[in-house]
Enquirer: 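Mind having a look at this structure? Questions to follow.
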Amino acid sequence: IEQQLLGPQEIRELADMLGIRPTKTLGQNFVIDPNTIRRIVAAANIKPDETVLEVGPGLGSLTLGILDAAQDMVAVEIDPPLAAQLPHTIAKFRPGSEARIDVVLNDAMKVTELPKTPTALVANLPYNVAVPVLIHLFAQFDSIQHALVMVQDEVADRLSAQPGSKIYGVPSVKANWFCEVQKAGVIGTNVFWPAPKIKSGLVAFQRRTQPLSYVPRELIFAIVDAAFAQRRKTLRAALATWAGSSALAGEVLDHAGIDSSLRGEKLDIHAFVKIAESAAELNI
Ligand code: SAM
């Protein structure tokens, strides 16, 4: 039998009961549409034995949908009244399921330990910190094999952008270091309360089965940051400060077999890996 999900009335009642007004700074836009929840959960491809990490459960709209699909959950919420209410909401709408979820009151960007080992991440992310939260979680929790997140549509496009496109940038490359990334849909504004000004997008991530390189992620990410900090410059110029001089940057790029007159926006993650490996080999 299909279980009840939260609609506009339930969300309003919960908010009134807690006396909360959604805040912009915490990116609080709550989903009030059960069909959207079904869509997100279907796109997340959760296997029944999985442990799902949800960031920002809010009033629990998506949480209930995930609980119906996964065996175990851990939810990280930064806002104390929302974190405190969540177990009660679950007890009311999914009696008996409270035992299957741990609620952690913390900033998802700072969390380094979880009471359970998540195999998947499913979240309607707080929009202003979506990319740093994602990067932090993929870096911190190797156990996360796949993810489905809702973010601003423009951020969804950035995360899944291909080299050479205008919106390709640091988030695209870093996400690609960890995962294969695919856009998985667009969501309108009217499924939220309060309604945001811009559309949202779904993005699906599948963790790479093997790390792309032996060199540390920090080295690769430093090169990526340097290459895009000065997008309009050639790689040789953009990497000069990072390498110590433009001559050294040229040497690293030559050794990597990469044309130093290109711009960073043309390079995929594999090319950035080559540059980092070249720097490691040359001890730069
Ligand atoms: N999952 C709910 C839904 O879909 O209706 C709420 C999503 S709302 C877009 C984002 C949620 O993330 C809010 O509940 C907010 O309080 C929480 N949040 C904001 N910043 C956070 C952070 N740094 N760490 C954890 N949660 C955060």
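We're numbering straight along the sequence, starting at 1. Both counts, for ligands and for their atoms, begin at 1 and track the order of listing. What you see is a predicted model, and the numbers here were worked out from it, not measured in a lab.
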Enquirer: How would you list, by chain and number, every residue that makes a ring-ring contact (aromatic ring centres under 6.0 Å, His included) with F138, sequence neighbours excluded?
Expert: F178, F205
Enquirer: Does ligand 1 have any N/O atom under 3.5 Å from a protein N/O, and what are those pairs and their distances?
Expert:
| residue | atom | partner | partner atom | Å |
| --- | --- | --- | --- | --- |
| ligand 1 | 1 (N) | E54 | OE2 | 3.3 |
| ligand 1 | 1 (N) | G56 | O | 2.8 |
| ligand 1 | 1 (N) | P57 | O | 3.4 |
| ligand 1 | 4 (O) | N124 | ND2 | 2.9 |
| ligand 1 | 5 (O) | V31 | N | 2.9 |
| ligand 1 | 14 (O) | G58 | N | 3.4 |
| ligand 1 | 14 (O) | E77 | OE1 | 2.8 |
| ligand 1 | 16 (O) | Q28 | NE2 | 2.9 |
| ligand 1 | 16 (O) | E77 | OE2 | 2.6 |
| ligand 1 | 23 (N) | D107 | OD1 | 2.9 |
| ligand 1 | 24 (N) | A108 | N | 2.9 |
| ligand 1 | 26 (N) | I78 | N | 3.4 |

Enquirer: Would you kindly say whether E277 and H255 are connected by a side-chain donor-acceptor distance under 3.5 Å?
Expert: no
Enquirer: Got a sec: does the CD of Q182 have more than 12 other heavy atoms crowding it under 6.0 Å?
Expert: no
Enquirer: When rounded to the nearest 0.5 angstrom, what is the spacing between CH2 in W242 and CD1 in I275?
Expert: 7.5 Å
Enquirer: State plainly whether the residues R94 and D68 are in salt-bridge range, i.e. N to O under 4.0 Å.
Expert: yes
Enquirer: So, E10 and Q4: side-chain donor and acceptor under 3.5 Å apart, yes or no?
Expert: yes
